[in-house]
Amino acid sequence: MEKKIIASMLLSFFILMIVFTFVSRNTAITLLPEVTTMNLEEDGWIAEGAVREDDTGRYYVFILTEKESILGKTAAVNKLPVVMEEKSDGMVKLKDISKYSTFEFVTDVSEELSDGDRVRRK
């Protein structure tokens with residue numbers, strides 16, 4: 001009789017932990033900053049909103065990457081220093097950026113970001 005009670009308590013505990021894991025993962029994802037992204041246009045042009053300036057006056061962009069975590073793949077941002085060549089009609093041409101043409105660039109964000117922060121797409 002005791003074995004049945006212990007077995008049912010153990011089973012209930014594992015079910016509760018599985019439910020808690022999925023609920024907490026979904027809650028954690030919901031709390032991440034939301035980002036909007038775009039790809040580079042031809043010749044290194046990108047929306048002006050993607051280029052940010054730090055305290056020292058240097059320009060940078062955030063690129064979206066995927067990280068492997070304990071609960072699966074998550075999106076994260078990486079800070080990439082850039083040099084602006086020219087501006088035109090809300091677009092900016094970046095120097096030597098073509099090697100990053102396969103990445104998505106963050107154009108809009110719901111809150112302040114830092115290098116390596118996990119995010120979610122809008």
Side-chain angles (χ1 to χ4, degrees):
M1 187 69 167
E2 284 183 25
K3 288 183 180 181
K4 287 183 180 181
I5 293 173
I6 292 174
S8 65
M9 287 176 58
L10 189 59
L11 181 62
S12 298
F13 173 76
F14 282 121
I15 290 172
L16 180 66
M17 292 309 297
I18 290 170
V19 169
F20 177 74
T21 300
F22 285 107
V23 168
S24 63
R25 182 179 190 278
N26 287 336
T27 302
I29 290 171
T30 303
L31 296 174
L32 293 174
E34 285 184 318
V35 296
T36 304
T37 61
M38 74 173 290
N39 291 325
L40 279 177
E41 292 191 0
E42 291 181 27
D43 301 327
W45 288 91
I46 194 165
E48 192 172 357
V51 181
R52 291 161 174 76
E53 187 175 0
D54 64 15
D55 297 338
T56 63
R58 296 182 185 174
Y59 295 104
Y60 65 94
V61 294
F62 283 115
I63 57 174
L64 198 65
T65 58
E66 282 195 356
K67 284 186 175 181
E68 194 68 39
S69 76
I70 226 170
L71 298 174
K73 290 185 180 183
T74 59
V77 293
N78 289 98
K79 190 175 183 178
L80 178 68
V82 295
V83 176
M84 290 193 301
E85 287 186 348
E86 55 183 290
K87 289 182 183 182
S88 178
D89 298 324
M91 299 294 284
V92 176
K93 184 174 183 181
L94 302 176
K95 184 177 183 177
D96 298 327
I97 199 75
S98 60
K99 62 184 170 186
Y100 297 100
S101 62
T102 58
F103 287 94
E104 293 180 65
F105 290 77
V106 174
T107 56
D108 189 35
V109 62
S110 64
E111 58 189 74
E112 198 68 29
L113 290 178
S114 296
D115 191 29
D117 283 353
R118 291 179 39 206
V119 295
R120 65 183 168 112
R121 290 187 178 102
K122 280 189 180 178

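Keep in mind it's a predicted model, so treat the numbers as computed, not measured.
You'll find the side chain of Val35 reaches within 4.5 Å of the side chain of Leu113, heavy atoms only. Inter-residue side-chain proximity for Asn78 and Leu80 is flagged as unmet; no heavy-atom pair is nearer than 4.5 Å. A heavy-atom distance below 4.5 Å is not found between the side chains of Glu66 and Thr74. Counting heavy atoms from C-beta on, the side chains of Leu64 and Val119 come closer than 4.5 Å. Side-chain contact check for Thr65 versus Val77: every heavy-atom pair is 4.5 Å or farther apart.
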Give the intermediate values and the outcome of side-chain contact (heavy atoms from CB on, under 4.5 Å) for residues Lys87 and Glu48.
CA-CA 8 Å; Lys87 289 182 183 182; Glu48 192 172 357; 3.5 Å; yes
Let's go through Phe105 and Asn39 carefully: what are the C-alpha distance in whole Å and the side-chain angles of both, what is the deciding distance for side-chain contact (heavy atoms from CB on, under 4.5 Å) to 0.1 Å, and is it a yes or a no?
CA-CA 6 Å; Phe105 290 77; Asn39 291 325; 5.8 Å; no
Could you go through Trp45 and Glu86, starting from their C-alpha distance and side-chain angles, then the distance that decides it, and tell me whether this counts as side-chain contact (heavy atoms from CB on, under 4.5 Å)?
CA-CA 9 Å; Trp45 288 91; Glu86 55 183 290; 3.6 Å; yes
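Of the possible donor and acceptor atoms, one in the side chain of Thr107 sits under 3.5 Å from a partner among the backbone N and O of Thr36. Proximity of a side-chain donor or acceptor of Lys67 to a complementary backbone N or O of Gly116 within less than 3.5 Å is detected.
To the nearest 0.5 Å, the span separating CD1 on Ile97 from CD1 on Ile63 amounts to 8.0 Å. Rounding to the nearest 0.5 angstrom, the gap separating the CZ atom in Phe14 from the CG atom in Leu10 is 4.5 Å. Atom CG of Leu40 and atom CG of Leu94 lie 7.0 Å apart (nearest 0.5 Å).
Scored by the side-chain contact (heavy atoms from CB on, under 4.5 Å) test, Asp55 finds no partners at all (sequence neighbours excluded). The side-chain contact (heavy atoms from CB on, under 4.5 Å) test applied to Ser110 returns Pro33, Glu34, not counting sequence neighbours. Applying the salt bridge (Lys or Arg N to Asp or Glu O under 4.0 Å) test to Glu41 and every residue at least two apart in sequence or in another chain returns nothing. Take Thr56 and apply the side chain to side chain donor-acceptor pair (under 3.5 Å) test, not counting sequence neighbours, and it matches Asp54. By the side-chain contact (heavy atoms from CB on, under 4.5 Å) test, Arg52 is found to be paired with Tyr60, Phe62, Val106, Val109, residues two or more places apart in sequence or in another chain being considered. Among residues two or more places apart in sequence or in another chain, the side chain to side chain donor-acceptor pair (under 3.5 Å) test is passed with Thr37 by Glu104. Lys93 is linked by a salt bridge (Lys or Arg N to Asp or Glu O under 4.0 Å) to Glu85, counting only residues two or more places apart in sequence or in another chain. With sequence neighbours left out, Arg58 forms a salt bridge (Lys or Arg N to Asp or Glu O under 4.0 Å) with no residue at all.
Annotation: salt bridge (charged side-chain N to carboxylate O under 4.0 Å, His left out) contacts involving residues 105-118, sequence neighbours excluded, comprise Asp108-Lys122. Listed by first and then second residue, the salt bridge (charged side-chain N to carboxylate O under 4.0 Å, His left out) pairs that reach into residues 74-83 come to none, sequence neighbours excluded. For residues 6-17, no pair satisfies salt bridge (charged side-chain N to carboxylate O under 4.0 Å, His left out), with sequence neighbours left out.
One hydrophobic cluster, built from ILVMFWY side chains closer than 4.5 Å, holds both Tyr100 and Met38.
In this structure, Phe22 shares a hydrophobic cluster with Ile18, the cluster being traced through Ile, Leu, Val, Met, Phe, Trp and Tyr side chains under 4.5 angstrom apart.
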